[in-house]
Amino acid sequence: MPRRSRKPPPLVTLTTDFGWEDAYVAEMKAVLLRDLPDVRLVDVSHSIPPQDVLAGSVTLERAVRVFAPGTVHLAVVDPGVGSERRLLVVAISGQTVVCPDNGLITWTWRRHRGARAFELSWRPRDASDTFHGRDVMAPFAARIAGGARWQKYCGAIGDPQLLDVAPADSVGEAEVIHVDHFGNATTNVPVELIKGSRCSRIEVRGHPVPLRRTYADVSIGEPLALIGSSELLEIAVRNGSAARELGLRIGDRVRFV
Amino acid sequence: MPRRSRKPPPLVTLTTDFGWEDAYVAEMKAVLLRDLPDVRLVDVSHSIPPQDVLAGSVTLERAVRVFAPGTVHLAVVDPGVGSERRLLVVAISGQTVVCPDNGLITWTWRRHRGARAFELSWRPRDASDTFHGRDVMAPFAARIAGGARWQKYCGAIGDPQLLDVAPADSVGEAEVIHVDHFGNATTNVPVELIKGSRCSRIEVRGHPVPLRRTYADVSIGEPLALIGSSELLEIAVRNGSAARELGLRIGDRVRFV
Amino acid sequence: MPRRSRKPPPLVTLTTDFGWEDAYVAEMKAVLLRDLPDVRLVDVSHSIPPQDVLAGSVTLERAVRVFAPGTVHLAVVDPGVGSERRLLVVAISGQTVVCPDNGLITWTWRRHRGARAFELSWRPRDASDTFHGRDVMAPFAARIAGGARWQKYCGAIGDPQLLDVAPADSVGEAEVIHVDHFGNATTNVPVELIKGSRCSRIEVRGHPVPLRRTYADVSIGEPLALIGSSELLEIAVRNGSAARELGLRIGDRVRFV
């Protein structure tokens, strides 16, 4: 559907734990729109549970997976705001993530090769002590999205802070890392590991769960495991909630049987 | 307020049960923005209760009622994803709806004359088995909104799948079909039927409720019935919740007395 | 980051108690986009508790504080719709607010000098009796944002309706006026009053709370008071919820000790 070949306007996504009750999300957007009037803004989620860096990390990675090169992702789950925690800029597949260095980049870092991390040292003079999402990260994200030079404000660093969660290298390491809105439980098992195994069934919290292609392959109300849309093994209940019906929680071990 | 006469950029609305906790909504938007960089996106609702096709249907119809010709509505409440359920494209008053053929179109189909339904047979090669909203419906909605030819991928069909709910033809058929955020209960009684009746009162769950023009026509805390902003009879409690205070539920019969 | 000097497209923000379950927000946007195809829309909040004019007022003020001149704010918490309550247009720092005259402007009016209030007397012929946000305020906000003359539809008035809440002039008047998504409690104490006092501690609901610069200045789980990002005194618990852990509520008195 080629409509025109000129460069599309900048695109910034937002992933936070700010909720929708207050003006916080809009305050970040005000800054982005002030600095970049034609920016296209996409909310990924503002319903990350407060201060839940792991949930933010898994959700952010899904956005990185699907957006086009040039996209800037602004991710703010930032319980350490005002402390000495660093701010990060991460370059990944032609996209850029701006976020605090507290583990929020973990899942993106572990699932995508070739990411490079930088420490953002730029601080505007009038930044508040409590809202760096609005006062530091948003204007810097605008700068990157607008195509301005940003590298001079950033020094390359080695590994950023990472949470203790990683894609499973073997079936022995499989665990639940996320529970979504529908009660589907995402595991850390990538599609490659499934395809290489001969298992046709997993076990979680004592429940045997068959491996299937899609929800409709089992009866309504029955559990199944399948390759989810982020190319990880997921545990679901057809037209139901696996989290509720199987009692699943983050960290639950998954056995291949 | 004529600002310019050139064609406005494409407009796509989204109605889903995806919630806001995860990246699912943003993933659909990534596809729409990739294929149609200048698209204007409007969220109708992503808080349809999971798999609640009736609620999605009533909410979608309100969007169809108010948006301008040319709008494309992408509606995804899709418990049957991956099964043999069809996908629909529905042309209605110069607008287009893309959705699964599972009853989601019901209320739009029944309230707007002249709708035509097509089965969407196009499937991209790399579509997932679990997220047709992102992998099939979103790119096709972009195609339609961008003005590309889409009819060759679609065959006209007769009636789509419809839920067993319809506008009341007589006062004997009146029932509650939706409860909104404020606890107002929408019925299936269209304005025409009210205007033709001489009733000044209804009864629901044993509560007598007077027919009035607007909330302010009764005292605070008192129930009333009125023509709501979608031209259906609604039952409300002034500055309160009719659902909670009168115990109303979907399917409750409404008597005209 | 000067990208171009031409006038940016119009910008309208939305603050309501409509929730996200229904199509109400989208219906207002449909009107705005119909009248102003290139408008940029920003959701401030649609999760104001139903009919909670004070919460809406505090949240709206945060948006006014941060958006650029030219912005139009459409704010609809409107339990009196259909009654004789007036509609307001308020000009403030080059921005404009359109809202019902029920106290929703209170916190903006009290925190920003030089605001001028007008009564909006324009009513479109086909406006509904129950949804003036969509049928009256949205089209008028589009008119203002589009740069059309609007003054002829509005007469200057004196003070609008105001709630009984105001910035504290002395430490004796300090109280909690808002609780946010994180459980942080915002007070009515402006930064100037703190800076002029010699207090290093406050007391609320019997809890002594130290004044600090930012969250990281106390241990995790400990309470603190600080200047929040809207330049008011806030009471927080580091990585926790002050509302829950200290039992804070709107109206709680705050003592300086």
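Everything quoted here is computed from the prediction, not taken from an experiment.
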*Which atoms form the tightest heavy-atom contact between C:E245 and C:G240, and what is the distance?*
OE2-CA, 3.8 Å
Enumerate donor-acceptor pairs with a distance under 3.5 Å from any side-chain N or O in residues 145-155 of chain C to protein atoms, sequence neighbours excluded.
none

*So, the side chain of C:E27 versus the backbone of C:R134: is there a donor-acceptor pair under 3.5 Å, distance only?*
no
*So which residues of residues 42-56 of chain B are in contact with chain C at a heavy-atom cut-off of under 4.5 Å?*
B:V42, B:D43, B:V44, B:S45, B:H46, B:S47, B:I48
*side-chain contact (heavy atoms from CB on, under 4.5 Å), paired with B:V12, selected from B:T96, B:L32, B:L33, B:I144*: B:L32
_From CA spacing to verdict: side-chain contact (heavy atoms from CB on, under 4.5 Å), C:R86, C:I157_ = CA-CA 11 Å; C:R86 302 184 295 189; C:I157 60 172; 3.6 Å; yes
_Portion of C:D17 that has a non-hydrogen atom of chain B nearer than 4.5 angstrom_ = both
*asked:* Show, in sequence, the C-alpha distance, side-chain angles and deciding distance for C:R85 and C:D78, and conclude whether the side-chain contact (heavy atoms from CB on, under 4.5 Å) test is met.
replied: CA-CA 9 Å; C:R85 67 92 184 80; C:D78 193 16; 2.8 Å; yes
*In sequence, state the C-alpha distance, the side-chain angles, and the governing distance for C:H73 and C:V64, and then conclude on side-chain contact (heavy atoms from CB on, under 4.5 Å).*
CA-CA 8 Å; C:H73 302 278; C:V64 171; 3.9 Å; yes
*Look only at the side chain of C:D22 and the backbone of C:Y24, and say whether a donor-acceptor pair between them is shorter than 3.5 Å.*
no
_Sub-4.5 Å heavy-atom contacts with chain C: which residues of residues 218-236 of chain B show up?_
B:L226, B:I227, B:G228, B:S229
*Restricting to pairs with a member in residues 90-109 of chain C, which pass ring-ring contact (aromatic ring centres under 6.0 Å, His included), not counting sequence neighbours?*
none
*Select one option (side chain, backbone, both, neither) describing which atoms of B:R40 are under 4.5 Å from chain C's heavy atoms.*
side chain
_As an exercise: rank C:V25, C:T130, C:V81, C:V31 by heavy-atom pairs under 4.5 Å with chain B and give me the winner._
C:T130
*asked:* Go through it in stages, so that I can follow the logic: the residues are B:D180 and B:T186, the test is side-chain contact (heavy atoms from CB on, under 4.5 Å), and I'd like the CA-CA distance, side-chain angles, deciding distance and then a yes or no.
replied: CA-CA 8 Å; B:D180 79 3; B:T186 303; 5.5 Å; no
*Heavy-atom donor-acceptor pair, B:T214 side chain to C:D129 backbone, under 3.5 Å*: yes
